[in-house]
There are 4 protein chains.
Amino acid sequence: MSPRTEEQFEEIRKSRKYQILEAALEVFAQEGYHKASISKIATQAGISKGLMYNYFSSKEELLKAVVEHGIEGIQDSFNDIDDDLDTPEELMIFIRGGINVIRQESHFYKLYFVVLFQADVYEIVKEKYQEMVGSMIEDVACYFKLKGHPYPLEKAMVLGSLLDGIGMNYLMAPEMYNLDIIEKIIFDIFK
Amino acid sequence: MSPRTEEQFEEIRKSRKYQILEAALEVFAQEGYHKASISKIATQAGISKGLMYNYFSSKEELLKAVVEHGIEGIQDSFNDIDDDLDTPEELMIFIRGGINVIRQESHFYKLYFVVLFQADVYEIVKEKYQEMVGSMIEDVACYFKLKGHPYPLEKAMVLGSLLDGIGMNYLMAPEMYNLDIIEKIIFDIFK
Amino acid sequence: MSPRTEEQFEEIRKSRKYQILEAALEVFAQEGYHKASISKIATQAGISKGLMYNYFSSKEELLKAVVEHGIEGIQDSFNDIDDDLDTPEELMIFIRGGINVIRQESHFYKLYFVVLFQADVYEIVKEKYQEMVGSMIEDVACYFKLKGHPYPLEKAMVLGSLLDGIGMNYLMAPEMYNLDIIEKIIFDIFK
Amino acid sequence: MSPRTEEQFEEIRKSRKYQILEAALEVFAQEGYHKASISKIATQAGISKGLMYNYFSSKEELLKAVVEHGIEGIQDSFNDIDDDLDTPEELMIFIRGGINVIRQESHFYKLYFVVLFQADVYEIVKEKYQEMVGSMIEDVACYFKLKGHPYPLEKAMVLGSLLDGIGMNYLMAPEMYNLDIIEKIIFDIFK
DNA sequence: TATGAATGAGGCTTCATTCAT
DNA sequence: CATGAATGAAGCCTCATTCAT
């Protein structure tokens with residue numbers, strides 16, 4: 001067997017890292033930052049505690065990486081929509097996108113809330129989050145301004161908050177929230 | 001000289017208990033259940049760690065008591081409204097009530113979220129919360145049914161979620177949320 | 001009401017002290033020295049923790065007093081017998097006395113073992129105990145010497161140990177030990 | 001350089017575990033369960049407090065393991081005898097075995113008593129002890145039944161109690177108990 | 001004399017992190 | 001690169017003891 005090339009090592013590292021990030025996302029979301037233990041995350045990722053520290057220098061760094069990783073996922077989900085937001089139809093698509101994130105990225109969404117309300121944890125990832133949220137709100141505010149709404153920014157905030165609230169409650173009791181109907185109601189409100 | 005009377009002891013206990021509950025509410029809301037330490041809560045309350053256990057038998061019990069204490073506060077805020085919810089005016093009063101809670105009971109509101117997303121912690125106070133939230137949603141659903149809305153329950157959930165979302169975001173960045181304008185927008189939506 | 005006389009005070013103190021000693025004996029025997037809490041003993045005695053310290057300056061002092069108190073009880077039980085030990089009949093009476101102590105003073109007997117095997121606790125009351133045990137062994141050894149036994153001291157120790165062992169096991173499972181039959185067997189052995 | 005093999009890890013764990021069990025046996029026997037601190041046991045074993053929990057999940061589990069460990073030791077001491085108990089010679093061997101346990105496994109013997117009289121502690125290891133004691137008593141009762149004794153079970157209990165009592169007193173003051181002479185006396189009694 | 005609030009040391013346990021191999 | 005043994009700080013909780021009233 002010839003020794004592995006540098007590229008192969010790089011490949012291994014990348015896939016390991018992904019493995020760890022996925023495991024960490026799940027555990028953080030399930031248990032919260034402080035309750036989640038490195039040990040459990042390592043087990044979930046199928047590696048040893050020691051190896052974790054080869055990839056992430058501390059629990060905090062791991063969380064930061066998980067959040068970055070998750071934001072990328074969210075942004076991918078929104079990417080097709082984000083571009084333009086001019087017509088009501090596009091707003092509907094945006095809203096539907098938001099609700100789909102709730103449906104599909106529930107792990108990350110949960111982490112989002114878990115992290116948001118853990119002051120010391122939030123500090124760690126504040127910047128990344130605000131960047132993500134800010135740009136979305138801005139886009140939507142643009143739309144409402146275009147439509148002549150007197151308080152476009154606040155209206156956008158209301159929409160954003162509504163989606164957050166739906167997501168939050170849906171995560172708590174998915175069986176009670178019929179997202180299809182709720183989507184219709186939201187359409188009806190913001191059309 | 002002479003020993004304290006029973007009333008004196010009761011007085012001491014009552015005021016200490018209040019003192020601890022307030023401190024705990026603040027620290028739990030700030031730090032989350034797991035990060036908040038009994039030690040810190042005791043310091044915040046100006047007492048020794050040991051004394052905490054003279055009033056609450058465990059951290060869990062303390063949390064339960066804090067939540068109960070907080071719910072009482074909330075219910076006081078809503079007291080005048082709870083009764084009937086028939087006219088749009090009454091719904092407006094209800095919404096204003098919700099927003100006032102966000103404004104005034106921000107500690108409890110934060111605790112509400114902090115607890116909601118920590119599965120193991122939520123388990124501790126599930127019952128108390130569900131009772132509070134359930135009855136409110138029901139009242140609002142009744143209103144929408146009365147008004148002939150096709151999905152009254154879901155509509156009520158949307159309103160509830162919106163208030164939750166507003167509360168959440170307001171807590172994260174109060175300086176960015178103009179609650180007066182937002183109140184108007186919500187009125188406009190649900191009138 | 002005329003103020004209480006000094007004698008009355010003395011009377012109260014004595015009866016309180018007795019009350020505490022009885023409660024402590026029970027709790028110590030039930031829970032062991034380290035597990036037993038002053039709080040529990042006080043409750044059992046029907047007084048406050050603080051008052052305990054008016055009568056006994058520390059937990060250790062309390063234990064010492066309990067043991068002294070208990071030894072007095074045991075010695076009373078043996079008093080009628082101890083005097084002379086010359087005939088087999090008298091030995092029988094002695095043995096029966098020992099077994100009756102097991103039957104009747106089980107609290108103290110239990111404390112005896114509990115204390116005996118708690119090195120630091122034993123240190124506290126070593127002297128008292130050894131004094132009590134030593135004098136009994138001596139008496140019995142005298143008897144066996146009189147009877148011409150080659151190792152009277154050891155024989156006495158065997159009898160003493162047997163009674164201790166019976167007591168120990170009886171306390172662990174009284175329902176399994178038929179003391180009447182066992183008494184007969186012992187008689188048979190040492191007659 | 002290269003990572004440890006699984007066998008190396010196993011070796012480490014086995015020897016550490018033994019080290020801890022020995023230390024724990026000594027400290028538990030010396031101090032009793034409640035007084036013995038994990039801290040002290042760890043120090044005695046020459047390891048850190050934290051490491052203890054890598055091997056035993058709690059103080060209770062540690063005690064259980066220590067008792068099991070001790071019972072194995074005892075059973076080794078009795079191994080040659082256990083089989084049959086038919087002739088007086090075999091009973092003598094049994095008795096000698098019991099006395100040798102007193103002599104050689106004094107730590108465990110002391111633990112036996114320490115645990116026996118701490119109700120809550122006894123509860124932890126009840127099963128293990130009862131199994132050990134029960135089978136011994138049974139064997140001896142069988143012997144006395146064979147010999148036509150009217151109360152074989154009680155006679156066996158008397159022998160068991162005698163050994164317990166000897167053990168107890170020997171542990172309290174080994175210098176005063178000449179086990180060789182006592183052995184002879186016991187032989188003489190039960191022959 | 002009598003109470004129980006208050007303290008603080010110490011015990012059990014968890015867990016992020018380090019390190020020898 | 002990979003493992004898990006090992007450490008130590010920190011957290012929850014208990015309890016003997018003190019003290020104001």
Side-chain angles (χ1 to χ4, degrees), chain A residues 4 9 12-13 16 34-43 47-60 62, chain B residues 1-6 8-13 15-16 34-42 46-62, chain C residues 4 9 12-13 16 34-43 47-62, chain D residues 1-6 8-13 15-16 34-42 46-60 62:
Chain A
R4 287 197 190 86
F9 273 127
I12 292 174
R13 278 192 73 83
R16 270 262 195 280
H34 285 102
K35 179 100 189 300
S37 76
I38 290 288
S39 212
K40 187 157 188 179
I41 294 169
T43 302
I47 60 165
S48 73
K49 255 183 310 181
L51 192 52
M52 289 259 347
Y53 286 84
N54 258 334
Y55 291 88
F56 304 96
S57 62
S58 73
K59 200 180 175 185
E60 273 201 11
L62 175 59
Chain B
M1 272 299 178
S2 62
R4 284 196 189 88
T5 65
E6 209 158 298
Q8 282 173 309
F9 277 129
E10 206 147 310
E11 200 52 49
I12 291 176
R13 286 192 71 82
S15 93
R16 272 274 183 280
H34 289 292
K35 175 90 190 303
S37 74
I38 290 288
S39 201
K40 186 154 189 178
I41 294 170
I47 60 167
S48 71
K49 245 183 323 179
L51 189 54
M52 291 269 341
Y53 291 86
N54 225 323
Y55 291 87
F56 302 95
S57 63
S58 69
K59 199 181 176 184
E60 276 198 14
E61 288 305 315
L62 175 58
Chain C
R4 289 196 188 86
F9 274 126
I12 291 175
R13 277 193 72 84
R16 270 263 196 279
H34 285 102
K35 178 97 191 299
S37 76
I38 290 288
S39 211
K40 187 159 187 175
I41 294 169
T43 302
I47 60 165
S48 71
K49 256 182 310 181
L51 192 52
M52 288 261 345
Y53 286 85
N54 257 336
Y55 290 87
F56 304 96
S57 63
S58 71
K59 199 180 175 185
E60 273 201 11
E61 288 305 315
L62 175 59
Chain D
M1 270 304 177
S2 61
R4 284 197 190 88
T5 65
E6 209 158 298
Q8 282 173 307
F9 278 128
E10 206 147 308
E11 203 51 49
I12 291 175
R13 286 192 72 81
S15 93
R16 272 274 183 279
H34 289 292
K35 176 90 190 303
S37 74
I38 291 288
S39 202
K40 186 154 190 177
I41 294 170
I47 60 166
S48 71
K49 244 185 323 179
L51 189 55
M52 293 268 341
Y53 290 85
N54 225 323
Y55 292 86
F56 302 96
S57 61
S58 69
K59 198 181 178 185
E60 277 198 13
L62 176 58

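Residue numbering restarts at 1 for every chain, and letters A, B, ... go by the order of the sequence lines.
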- Query: Given atom OH of D:Tyr55 and atom P of F:dG4, what is their separation to the nearest angstrom?
  - Reply: 12 Å

- Task: Calculate the interatomic distance between C:Lys40 atom NZ and F:dT17 atom P; express it in whole Å.
- Result: 18 Å

- Message: Measuring to OP1 and OP2 of E:dA2, would you say a side-chain N or O of C:Arg16 lies under 4.0 angstrom away?
- Response: yes

- OP1 or OP2 of F:dA5 under 4.0 Å from side-chain N/O of D:Asn54: yes

- Got a second to check how far B:Ser39's OG is from B:Lys49's NZ, nearest 0.5 Å? 5.0 Å

- Crowding at CD, B:Gln8 (>12 non-hydrogen neighbours, <6.0 Å): yes

- Message: Taking 4.0 Å as the cut-off, does a side-chain nitrogen or oxygen of B:Arg4 come that near to OP1 or OP2 on F:dC19?
- Response: no

Under 3.5 Å, sequence neighbours excluded: what are the donor-acceptor pairs made by side chains of residues 51-60 of chain B?
from	atom 1	to	atom 2	distance (Å)
B:Ser58	OG	B:Glu60	N	3.4
B:Ser58	OG	B:Glu61	N	3.1
B:Lys59	NZ	B:Tyr33	O	2.8
B:Lys59	NZ	B:Ala36	O	2.8

- Note on the structure: Taken to the nearest 0.5 Å, the spacing of D:Lys35 NZ from C:His34 NE2 works out to 5.0 Å

- Message: Between P on E:dG4 and CD on B:Glu6, what's the gap in Å once rounded to a whole number?
- Response: 8 Å

- Query: For A:Met52 and F:dT3, what is the distance between atoms CE and P respectively, to the nearest whole Å?
  - Reply: 12 Å

Give each protein N/O atom lying under 3.5 Å from an N/O atom of nucleotides 14-16 of chain E, with the pair distance.
from	atom 1	to	atom 2	distance (Å)
E:dA16	OP1	A:Ala36	O	3.2
E:dA16	OP1	A:Lys59	NZ	2.9
E:dA16	OP2	A:Ile38	N	2.7

- Starting at CD of D:Glu10, measure out to OG1 of D:Thr5 and round the result to the nearest 0.5 Å. 9.5 Å

- Query: In whole angstrom, what separates D:Glu10's CD from F:dT3's P?
  - Reply: 17 Å

- Message: With a 4.0 Å limit, can you tell me whether C:Arg13 has a side-chain N or O closer than that to the phosphate oxygens OP1/OP2 of E:dT1?
- Response: yes

- Note on the structure: Sorted by position of nearest nucleotide on DNA chain F, 5' first, the leading residue of D:Gly46 and A:Ile47 is A:Ile47

- Task: Please work out the stems of DNA chain E from pairs that are Watson-Crick or G-U wobble with both distances under 3.5 Å, keeping only runs of three or more consecutive pairs.
- Result: E:2-21 with F:2-21

